Every structure is written in structure tokens, then in C-alpha cells.
Amino acid sequence: AWTKHQIKPFTGQDGFENEVVRHVETTLARSMFNCDESAAYAATSLAFRDRLILEWNKTQQRQTFADSKRVYYLSLEFLMGRALDNAMLNIGQKDVAKSGLSELGFRIEDIIDQEHDAALGNGGLGRLAACFLDSLASLNYPAWGYGLRYRYGIFKQEIIDGYQVEVPDYWLDFNPWEFPRHDVTVDIQFYGNVTKSQDDSGKTRAHWEGGDHVTAIAYDVPIPGYDTPSTNNLRLWSSKAASGEFDFQKFNSGEYESSVADQQRAETISAVLYPNDNLERGKELRLKQQYFWVAASLHDIVRRFKKSKRPWSEFPDQVAIQLNDTHPTLAIVELQRIFIDIEGLAWDEAWNIVTQTFGYTNHTVLPEALEKWSVPLIQNLLPRHLQIIYDINLFFLQSVEKEHPGDRELLGRVSIIEESQPKMVRMAYLAIVGSHKVNGVAELHSDLIKTTIFKDFVEIYGPDKFTNVTNGITPRRWLHQANPRLSELIASKTGSYNFLKDLTELNKIELYVNDADFRKEWQEIKYANKVRLAKHIKNSTGVTVNPAALFDVQVKRIHEYKRQQLNIFGTIHRYLTLKAMSPEERKKAQPRVTIFGGKAAPGYWMAKQIIHLVNNVGAVVNKDEEIGDLLKVVFLEDYNVSKAEIITPASDISEHISTAGTEASGTSNMKFVLNGGLIVGTCDGANIEITREIGEDNIFLFGNLAEDVEDLRHAHTYGSHSIDPDLNKVFKAIEDGVFGQPHDFLALISAVRDHGDYYLVSDDFHSYIETHTVIDEAYKNQEQWLTKAITAVSRMGFFSSDRCINEYAEEIWNIEPLKADKPE
Ligand code: 26W
């Protein structure tokens with residue numbers, strides 16, 4: 001087919017081996033005699049990379065030549081994981097690599113395992129950006145990602161004596177997937193001051209002068225589409241001292257150290273990913289990162305537009321920019337600054353272009369996650385930007401005043417500047433005012449932002465500016481790559497691998513839900529995936545688990561709103577219940593392995609207590625011979641993308657149990673169901689839409705609804721708050737020292753019992769426990785369970801990130817796919 005690759009494939013296994021040997025001997029300058037797994041990884045990557053680069057160049061040329069509109073996805077996080085397996089799959093020819101490597105004496109899995117994860121993100125938001133890049137390329141959309149090239153990604157987590165210890169993640173020792181572009185640089189300015197002048201026509205112009213200068217260098221990463229030659233670009237910026245900044249004067253006069261210090265200060269900007277997820281801290285270096293990245297990206301985009309020689313009014317026909325949360329909101333201000341201060345456009349003309357260009361995606365309603373920057377901080381670091389923010393606010397408030405005369409309270413509520421001490425810039429409001437569309441990431445979430453945090457803006461702009469685009473996941477990585485046997489089984493029934501391009505084709509497998517052979521094979525695949533995870537658990541924790549037990553998994557960032565504490569309290573309740581049973585009763589109990597994984601932000605003390613409690617409970621339960629295989633509790637350290645690829649296909653039940661209304665969407669919920677696992681969850685985020693798609697019989701929902709949360713919280717504070725009696729038994733066991741020194745865990749208990757139980761753990765506890773009893777019973781009927789799992793998978797087509805990206809393209813970006821021409 002013409003969509004197939006135009007670059008010559010490896011000429012069979014021999015061709016691949018020749019390429020590997022060539023790279024080992026020349027590129028790596030090693031001999032095949034001492035080619036270890038890491039060298040084999042390097043050479044294999046380079047061999048596939050060669051193929052990628054050619055398509056990448058052609059794709060970029062094609063897009064430039066066609067002059068088509070591009071979308072630029074601005075994200076401070078891209079949680080890419082590994083690239084080699086993905087490249088082999090998307091290009092094809094993984095089979096050739098497998099047999100070639102085997103002939104050279106390697107197992108392909110071990111070679112894939114050599115790669116260090118690209119972990120430039122915290123959690124959901126960063127992984128979503130990575131899935132989007134995969135879909136954009138696979139659907140042939142002209143698109144670039146823009147981000148920061150952190151020297152250190154998210155920290156590595158070690159568990160020592162039950163506590164989280166953070167270890168730096170230096171990942172750049174050998175990275176064949178990036179290309180430094182030393183010729184693509186942007187000068188970035190900080191601090192300094194603003195002066196005004198009159199130009200020839202008498203107009204005043206602002207000049208931002210003085211201050212520090214830092215250079216941004218581009219590093220490009222090719223993003224291959226699946227079964228298409230389209231290969232997009234992810235451009236990551238790295239900071240270094242501006243030339244001239246390394247002061248030779250100083251250097252020669254013996255101030256070597258201070259001259260090196262200047263250099264290091266510049267390099268600090270892109271040195272580390274902030275490890276907070278859903279918590280805003282207001283640190284100056286973070287603001288520097290944001291401006292550095294946004295300014296470099298915008299100058300790059302504007303430079304590219306100027307080459308087309310089109311009038312500025314056509315900028316929004318060429319460029320769509322999507323803001324992944326508020327982290328890149330300064331891009332709005334920077335583009336306005338470029339237009340009025342540098343290019344000399346009038347304010348209104350410029351602002352019109354700016355607002356047509358940007359779209360803003362909100363990913364959270366948690367108040368502590370909403371970005372605010374102090375006015376004095378911005379004044380100092382970006383003096384001209386602060387002036388422009390004030391002007392944007394002035395014109396915005398004037399327009400509000402016109403439509404709602406005399407409503408002073410409304411003006412105060414929607415002002416971009418919060419009149420606090422010190423004053424603060426509300427970044428979400430700035431993002432709304434500067435964009436033409438604002439979207440949430442699941443239906444409930446999009447409704448909630450319209451009725452709560454952004455209510456006044458719906459009043460001002462009308463409802464059409466606000467929309468929903470429910471999140472999705474790439475089936476290439478999260479089905480085919482993570483679960484190749486299930487993918488193969490599905491292909492055998494749907495007739496091809498086309499479901500990887502149109503996930504709604506999964507519905508074809510519902511026909512086979514009663515097919516005995518199909519069911520048997522499905523069951524075997526799930527079991528094999530559990531055996532693989534059991535081995536991983538043994539290697540990493542030393543705990544032996546029985547793959548026949550029910551695997552219950554909760555892996556995600558540790559956060560009170562995600563309620564891992566509810567899970568561990570429920571697990572303790574299970575343990576106490578088992579302990580109280582007679583041996584006869586125990587024989588009827590359903591064996592279970594409760595698996596936790598996830599990182600706590602280094603400064604998030606409560607989250608760290610949760611990790612500690614899970615580990616202590618595991619230490620007691622796992623060695624309790626009376627309990628044996630009936631319950632094991634494990635905490636898997638350093639949860640990341642490549643571990644998710646092992647864990648996700650092995651779950652029977654996964655937990656998505658946030659307090660209703662707090663989890664914007666969740667995306668791992670989709671991954672688990674797509675891999676034949678069922679969900680226990682609250683009516684929150686995308687769980688609701690998953691239920692609608694797969695049917696109520698195929699999911700275990702529990703707990704209070706979002707609409708009742710406010711009243712329940714009110715009752716905790718002003719009424720009586722009675723703790724569920726079963727939960728009180730759990731608290732008593734902890735306080736009695738059953739799981740080690742109770743001292744450490746008292747804060748977890750009193751948050752629920754004495755401090756208002758903000759996340760409604762007690763309110764949902766009973767319903768949670770009951771639901772797990774229902775799950776135990778359901779699991780005992782393996783045939784019925786299997787039917788639920790197969791049915792659920794067959795109805796998951798909606799949750800492909802391809803569907804999601806098509807919605808963005810049509811409703812927000814107004815861009816079209818651009819395919820390669822048929823070869824002659
Ligand atoms: C400023 C600190 C900070 C850092 C990260 C604030 C907020 C964030 C992210 C927006 C948090 C995040 O990752 N949100 C998650 O986004 C996913 C993708 O849309 C959703 O599926 C998750 O529900 C949401 O928590």
C-alpha cells in the first residue's frame with residue numbers, strides 16, 4: 001500500500017544484522033566479540049533510527065512545502081517512556097529484529113530492557129502529551145511538541161525500610177533518540193527594565209532592555225506514526241550560558257570560579273523537572289523555566305511563519321497552539337509582546353490574532369494546583385510582561401463592565417489580578433481570556449469547571465467557548481506493545497491489526513464472547529501476564545505471590561485525593577476479617593494480592609506516610625503464615641511507564657477511587673480495561689464514560705456522588721461526623737501497634753477522624769468494603785468474570801487517543817491530515 005514506508009526496509013534478517021554489526025564496529029567503535037546487551041541496544045536503536053530520520057526529514061519537507069496549518073502542543077511534561085520498542089512497532093520489522101538479535105545471541109526483550117525511560121513528566125498530564133504525539137503522527141497531522149530537555153527527569157524512587165527515598169534520574173548518558181541542533185538557538189532575556197520611545201509615526205514603543213541573557217538550544221526527537229511514513233518532531237529546549245556570558249575578562253583575570261558559576265546558573269534552568277503533581281509552589285526557578293521554554297518556542301514558531309511571507313492576519317491560519325494546562329500561559333503574553341513591541345502591530349490587531357491562535361486545556365480543579373504567580377516576582381523577572389498582563393486585564397475588565405454595568409463584585413472575581421497581599425496573577429484566568437477555546441478532559445470535569453471555578457467566565461463569554469474533549473490513550477503502546485499476545489488474539493478474530501488504527505473495530509470480538517477456544521486463550525494470556533508480574537514482584541520485593549490469586553492494583557501518583565489511604569485501610573480491614581475467621585471460613589475466602597505503586601512528591605509528607613503504612617502492612621501480612629496466600633500486600637518501587645507496561649496487562653481489578661469530583665479524567669483506568677482488567681471506581685472523571693460505554697454490569701462502582709460532596713464536607717465541619725465502625729476497628733489495630741510504631745500513622749488517622757475528613761474516606765468506606773466483597777464473589781465465577789472482561793474490552797473503542805486528537809483537530813485547531821503522496 002502507498003501508505004507503507006518508502007524507505008527501503010532491512011533486507012530481511014541478514015540486512016538487519018549487517019546494520020547492527022556496522023553500528024557496533026563503526027559508530028560505537030567496538031568489536032562484536034565484546035558486544036554486550038547495552039551495545040546491542042545501542043546498535044539496534046541506531047539501525048532503526050536510520051530509517052526514522054529519512055522519513056522524518058521528508059515529513060518536515062512535505063509539511064513546509066504544502067504550507068499546511070500546524071498545531072504546536074506546548075507541554076512542560078512529555079512522559080515518553082522507552083522509544084525503541086515503539087519505533088520497531090511503528091516502522092514495522094520488529095520480527096526481523098527479533099530473529100536477527102537472536103542469531104547474534106540476544107533476546108529482544110533483554111535488549112529493549114536496556115533503554116532508560118524518558119521520564120520527563122510526573123503523571124497523567126505528561127503521559128497524555130506522549131499519547132497525543134503518537135496519535136498526531138499516526139493520523140498524519142502536521143504537529144510539533146515543544147518542551148524542556150530536563151537533564152534530570154522525575155526522580156527514581158527507592159524504598160528503604162518502608163520509606164520513599166529519592167534518587168536523581170540522570171538519563172542522558174546515551175540517548176540515540178535526540179538530535180542536538182546547535183544551529184537552532186534563541187536568546188532569552190530575564191530581568192532588566194522597560195523604556196518607552198516614539199517611532200517616526202509618533203507611536204510609542206516599549207523596549208525591554210538590560211538584564212540577563214541565556215541561550216536556548218533545540219534538541220529534536222523524531223516521533224514516528226504507526227503504519228505511516230509521517231514522522232513528527234518533538235523539540236526540547238536546553239539552556240546554556242549566552243556566548244559573551246562566559247566572561248573571558250573574568251576568566252583571564254583569575255575569577256575562574258565566578259565565571260564558571262555564571263555558566264552553571266544558566267544551565268540550571270533546564271536541569272530538573274519539578275516533581276510536584278497537582279501542587280503549585282511559586283518558585284522563581286519554575287517561572288524561569290516556563291518563560292525560557294515558552295519564549296524559545298514562540299520565537300521559533302514566529303520565525304517559521306515569517307519565512308512564509310504571509311501577512312500577520314493569516315497567522316491563525318498557519319498556527320494553532322495548545323496550552324497543556326496553565327504552565328505555558330506566558331506564551332499568550334509573549335506572542336502579544338512580539339507583535340506589538342517587535343513587529344509593530346497595533347494592540348487590537350495583535351490581540352485578535354493571539355486569541356485566535358491559542359487553546360487552553362484544564363487538567364485539574366484542585367484549588368492547590370491552580371497556578372498563581374506573585375506580581376512582584378513577575379515584575380522583577382519579566383517587567384514588560386507584567387505591563388502587558390495589566391493591559392490585557394484592563395481591556396478585559398472594560399469589556400466585562402460594558403456588558404455587566406456596575407457589577408463590581410463580578411469584576412473583582414474575574415480579574416486576572418487577585419487583590420491579595422502580595423497581588424497575584426491568576427494564570428488560568430489569563431489562559432481563558434487569551435484563548436478561543438477552553439476544554440476539560442472528561443465530561444464530568446468539563447461540566448464542573450463550567451459550574452465552579454470558571455462559572456463567571458461562562459457568564460461573560462457564553463457557553464460555546466467551553467468544551468469537553470474526553471482523554472484517550474494510544475492503543476499502540478497500551479495494547480499492542482504492552483500486551484502483544486492479547487493484540488494478536490484480537491487480530492486473529494477481527495481479521496487484521498486495523499483495530500490499532502480504528503479502535504472501534506474492537507467491537508467485532510463481542511461475537512466471540514462465547515467461543516470456547518477464544519475464551520480459553522484469553523484466560524491463558526491473562527494468566528501468563530500475571531506470572532510475568534509475579535516474577536517482577538519476586539525480583540523487586542522478594543515476596544512470592546500466587547498468580548492464581550485476584551490481582552488488585554492501584555498504581556498512580558500518591559495523593560490524598562486519589563485515596564490510596566482508603567485502599568490500605570480497606571486492605572487492613574480484609575486482614576483483620578481473615579484473622580477473625582475460622583479455618584473453615586478461610587477455605588472459602590478469595591485469595592488476593594494487593595499491589596500498590598507510585599511516587600510521592602518529595603515535600604508531600606502525608607503521601608509519604610501512606611507509602612510507609614502500605615509497606616508496614618505488607619511486612620506484617622506477608623509473613624503471617626496463618627494468612628498465607630489469602631492476602632499479600634506489595635509496594636512496587638519506582639512506578640514508571642516501562643513498569644506500567646508490565647503491570648497493566650496483569651491486573652484483574654484496578655482501583656480508581658478518587659473522591660467524586662476530584663480526578664479530572666484519569667487515563668490508567670482506560671489502560672486497565674483495554675487489557676482485560678475490571679475497575680473498582682468512584683463516579684469520577686472518565687470512570688463515568690467508561691461505564692456508559694462498557695455497561696454497568698462490567699464495572700464495580702461505589703461511593704458518594706460529586707453533587708453530594710459539598711454537603712458531606714459541610715456536615716463534617718458543622719454537623720456530627722461519625723466514623724464508620726469498621727473503619728474504627730482499622731484505626732484501633734494501627735493504634736495498637738499491629739503494623740509497627742503507631743506514632744507515624746496517627747496523622748493519617750486524624751485527618752479522617754479529627755480534621756474534617758476532606759476526602760470523605762469515612763463516608764465511602766462502607767460502600768468500598770461491600771463492593772470488594774461483591775468483587776470476591778464475582779471473581780469466584782471465573783466464566784462470568786471472563787465474559788465481563790471480554791465484553792468490556794470490545795466496547796473500549798471510544799477511548800483511543802486517535803478519537804480524542806480528531807476531536808481537537810476539528811473543534812479546536814481546525815487542522816487537516818497531510819499524507820505522503822503515492823510513490824511513483
Ligand atoms: C503546578 C503544579 C502542577 C503540576 C501538574 C499542577 C497540576 C499538574 C497537572 C495538571 C496534574 C495532572 O497531571 N493532572 C491530570 O491530568 C490527566 C490528563 O488530563 C488527568 O487524566 C488526571 O485526572 C489529572 O489529575
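Counting starts at 1 for both ligands and their atoms, in listed order. These numbers were taken from a predicted model, which means no experiment stands behind them.
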In the protein, what heavy atom is nearest to [atom], and what distance, to one decimal place, separates them?
atom: atom 11 (C) of ligand 1; answer: Asn278 ND2, 3.5 Å
atom: atom 1 (C) of ligand 1; answer: Glu280 OE1, 3.3 Å
atom: atom 12 (C) of ligand 1; answer: Leu125 CB, 3.8 Å

Lys/Arg cation over aromatic Tyr758: Arg713, 6.0 Å, 45° cone | yes

Quick one: is the NZ or CZ of Lys599 closer than 6.0 Å to the six-membered ring centre of Tyr639, and within 45° of its axis?
-> no

Distance-only polar pair, side chains of His445 and Asn362, donor-acceptor under 3.5 Å | yes

Can you tell me if Asn471 has a non-hydrogen atom under 4.0 Å from ligand 1?
-> yes

Contact between Gly666 and ligand 1, counting heavy atoms under 4.0 Å?
-> yes

Out of all atoms in ligand 1, which are within 4.0 Å of some heavy atom of [X]? Include the element for each.
X: Tyr561; value: 25 (O)
X: Ala664; value: 23 (O)
X: Asn276; value: 4 (C)

Of Arg476, Arg477, Arg127, which is the lone residue that meets salt bridge (Lys or Arg N to Asp or Glu O under 4.0 Å) with Glu645?
-> Arg477

Residue from Arg413, Lys372, Lys423 passing salt bridge (Lys or Arg N to Asp or Glu O under 4.0 Å) with Glu418 = Lys372

Which one holds for [X] and ligand 1: side chain close, backbone close, both close, or neither close, with close meaning a heavy atom under 4.0 Å?
X: Asp325; value: side chain
X: Val441; value: side chain
X: Leu279; value: backbone
X: Arg286; value: side chain

Aromatic contact between [X] and [Y], with the criterion being ring centroids under 6.0 Å apart: yes or no?
X: Tyr146; Y: Tyr72; result: yes
X: Tyr808; Y: Phe132; result: yes
X: Tyr291; Y: His385; result: yes
X: His480; Y: Tyr226; result: no

Test your reading of the structure: does [X] have an N or O sitting under 3.5 Å from an N or O of ligand 1?
X: Glu663; value: yes
X: Glu77; value: no
X: His363; value: yes

Indicate yes or no: does Glu443 engage Arg692 in a salt bridge with an N to O separation below 4.0 Å.
-> yes

